[in-house]
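Written below as structure tokens is the structure these notes are about.
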Amino acid sequence: MKVRSMNCTRIRLLYYSTASPSTFHFNQRLLLLKNASGATKLDDALQLFDEMLQRQPPPPIIQFNQLITLIVKMKHYSTALSLYNNIKLMGIPTDLYAINISINCHCRLNQVAYGFALLATIFKQGHPHDLATYNTLLHGLVIADRVFEAVELFKKLLRDKLCDPDQVMYGTVINGLCKVGHTRKALELLNFMEAGSCKPCVEQYNAVIDSLCKDKMVDHALELFTNMTKKGVVADVITYNSLIHGLCNFGREMEAVKMLRDMEDEGVSPTAETFNILVNAFCKQGSVKDAVLAVQEMVRRGLHPCVITYSALIDGYCLRGEMNEAEKVIDRMMERDIVPDIVTYNSLINGYCKKKQIAKATRLFQEILAKGLIPNAITYSSLLQGLFESGKPAAARELFNDMQEKGEAPTVLTYGILFHGMCKNSQCSDALALFRSLGSDEMKNGVGLYTILIDGCRRCGKPNLAMDLFDELLSKGLKPDARTYSVMIRVYCEEGLLVKAKELVRNMEENGCLPNSFTYNVIVRELLKKNECQEAEVFLEEMINRGFMPDHATFENLLPRIPNVGKASRLRTIIQKLTNGS
DNA sequence: GTAGGGTTAG
């Protein structure tokens, strides 16, 4: 029995290998390659390709397509294209599949134009209009950040009835629109699908729901989620994770937790991501206790905390200034062989800097370098701020130079910290010179940087420079924010230009920028300093009516100006109202 | 088992 079955196998092997040797070898070897992993995979595929190319007669194009598809999946797009070139050089005719695979490769290499050139080839060779071709090109435009051209092509295809769009085509365009933040258009297209014959599935809903959440339109996202469910489309873990994330970003942690219960009721199991979202939200919100409970819950369910989970906890403790607890977490994660990354270290460095433990922060920075981790703009920014705040402006400048030498691009935040620190150390001219040397429009037109420099010039006793900067900002057509106005109000006050200061408070409101607590505190405090008590009262009442409280510095100026007991005083009435309220 | 998309966590 045993012998007979072995014989059968041998006979079958023999039969296949004589009848169609190339097919047999090819299919086996392709299967081996598909399941293979490791460094030689590409070389093995190329080896097989060479053998195929040398075979007479050549194998069918379908086999070449199969092999090259494998190479494309490994992301070796240029290699794939050169293989097709070899095929053509050997005079082996290609087919529509081969062209579509080539178009995809060009698109992935950011050569959409070559893709469109191949579309012309398709027409010349008389192939029919093909959905896969168009979908590949649409996707190519999307990954090249040319979403609007993708939308135009999509419209043209529909208008000229060149093809009947399918779920892939709609999905590609919807994803593209979401990617560039045109969520409304994506939603419109989704609604268009719902009305037509090609109904959207959960992936298309997910794209729009996630995009709405990122646009802080969580309630719209929840609405869409409800509509989707009503239409019988079943939400998956990605739908729920997006919604939970959106709710958390909006400070709606309780609803997020309820959503977690809902998803379980619906039979969708939360993943580690789900818990990481919650852990992170709890930490950012200040309740590390809840975060720890969430981690325990995820472990209880057999889900594994990862570097993101531990980093969130560390960040939570650092934000609360509980550095000992943060250190304990880092020990615990190391024990579990989870390697802290730059984000983890950034939290710790930031924590130490905020606690003025600059030595520890610097030591940690050295450790990062020794470990071969690359500090990013956040690392440098935190440490810069720490150095300035610890009264080490020279070390800060050195670090900034170091950052530039290492090729780490400073962000607006970095420059803000740097300018602020320099101005605090009477170096506003240097800061200004550096600002003038900035190349990017984002930096040159950053209202935040202008505000820091205006305040810096004021601090350095150069009010005229401050006023020039404010004029420059306005003439550039930039929109000052409440901070900018407040800082300028302070400049005017300090220069005794009280009329201009008061004007600016009214001006900013007209320009759609409501004065905030800082603005009112500045104007009230400065007016009191100049003994303009009646004017100060007007703004004081206004600020209280708008729900803002005088800060410590304002109170210090306020209290000495309240007349003795018995004398009628509006100021005292205001203060009494305040103190009774609290 | 020849081609096209699919996104959630710091």
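If you check every strand for non-hydrogen atoms under 4.0 Å, A:Ile68 touches nothing. When heavy atoms are screened at a 4.0 angstrom cut-off, A:Lys284 is found touching the sugar-phosphate backbone but no base atom. Contacts of A:Cys283 with the nucleic acid, taken as non-hydrogen atoms under 4.0 Å apart, are absent. As judged by a 4.0 angstrom heavy-atom cut-off over every strand, A:Asp210 is placed among the base-contacting residues. Among the protein residues, A:Ile277 comes within range of the sugar-phosphate backbone only, with heavy atoms under 4.0 Å from sugar or phosphate atoms but none that close to a base. The residue A:Ile101 sits close only to the backbone: its heavy atoms come under 4.0 Å of sugar-phosphate atoms, none of a base. Residue contacts for A:Thr172: at a heavy-atom cut-off of 4.0 Å it reaches the sugar-phosphate backbone alone, with no base atom in range. Within 4.0 Å (heavy atoms only), A:Asp95 reaches at least one base atom of the nucleic acid. Residue contacts shown for A:Leu278 are absent, as no nucleic acid heavy atom lies under 4.0 Å away. Within 4.0 Å of A:Asp236, counting heavy atoms only, lies no atom of the nucleic acid at all.
Inter-residue side-chain proximity for A:Leu67 and A:Leu33 is flagged as met; some heavy-atom pair is nearer than 4.5 Å. Contact check for A:Ile338 versus A:Arg332: no side-chain heavy atoms found under the 4.5 Å cut-off.
Distance A:Ile314 CD1 to B:dG10 P: 16 Å, rounded to the nearest Å. Atoms NZ (A:Lys179) and C1' (B:dG5) sit 13 Å apart, rounded to a whole Å. A straight line from CG of A:Leu348 to C1' of B:dG10 spans 14 Å, rounded to a whole angstrom. The CG atom of A:Asn280 sits 7 Å away from the C1' atom of B:dA9 (whole-angstrom rounding). For the pair A:Ile99 CD1 and B:dT2 C1', the computed distance is 13 Å after rounding to whole Å. The CG-C1' distance, from A:Asp130 to B:dT2, rounds to 12 Å in whole Å. One interatomic measurement links the two molecules: CG of A:Leu138 to C1' of B:dG5, which rounds to 11 Å at whole-angstrom precision. If you measure from atom CD of A:Gln204 to atom P of B:dG5, you get 13 Å, rounded to the nearest angstrom.
In this structure, A:Arg29 does not reach the B:dG1 phosphate: none of its side-chain N or O atoms is under 4.0 Å from OP1 or OP2. Contact annotation: A:His139 reaches the phosphate of B:dG5 (side-chain N/O to OP1 or OP2, under 4.0 Å).
For A:Asn27, the side-chain atoms get nearest to B:dG1 when compared with the rest of B:dT8, B:dG10, B:dG1. Of the candidates B:dG10, B:dA3, B:dG1, the closest approach to any side-chain atom of A:Lys34 belongs to B:dG1. Comparing atom distances between the A:Tyr97 side chain and each of B:dT2, B:dG6, B:dA9 picks out B:dT2 as nearest. Distances from the side chain of A:Asn65 to the nucleotides B:dG10, B:dT2, B:dT8 place B:dT2 closest. Here the nucleotide nearest the side chain of A:Arg108, chosen from B:dT8, B:dA3, B:dG5, is B:dG5. Comparing B:dG1, B:dA9, B:dG10 by their closest approach to the side chain of A:Val307 singles out B:dG10. Looking at the side chain of A:Gln66, the nearest of the listed nucleotides B:dA9, B:dT2, B:dT8 is B:dT2. Set against B:dA3, B:dT2, B:dG10, the side chain of A:Thr344 has B:dG10 as its closest nucleotide. For A:Val168, counting side-chain heavy atoms from C-beta on, the closest listed nucleotide (B:dA9, B:dG5, B:dA3) is B:dG5.
Donor-acceptor pairing under 3.5 Å, judged by distance alone, is present between the side chain of A:Asp341 and the base of B:dG10.
Checked against side chain to side chain contact (heavy atoms under 4.5 Å, CB included), A:Val168 has the following partners two or more places apart in sequence or in another chain: A:Asn135, A:Asp166, A:Thr172.
A 6.0 Å sphere centred on CG of A:Leu32 holds more than 12 heavy atoms belonging to other residues, nucleotides or ligands.
A:Asn376 and A:Thr379 share a side-chain donor-acceptor pair at under 3.5 Å. Under the 3.5 Å distance criterion, with hydrogens and angles disregarded, no donor-acceptor pair is assigned to the side chains of A:Tyr317 and A:Lys328. Counted by atom type alone, A:Asp315 and A:Tyr310 present zero donor-acceptor pairs between their side chains at under 3.5 Å.
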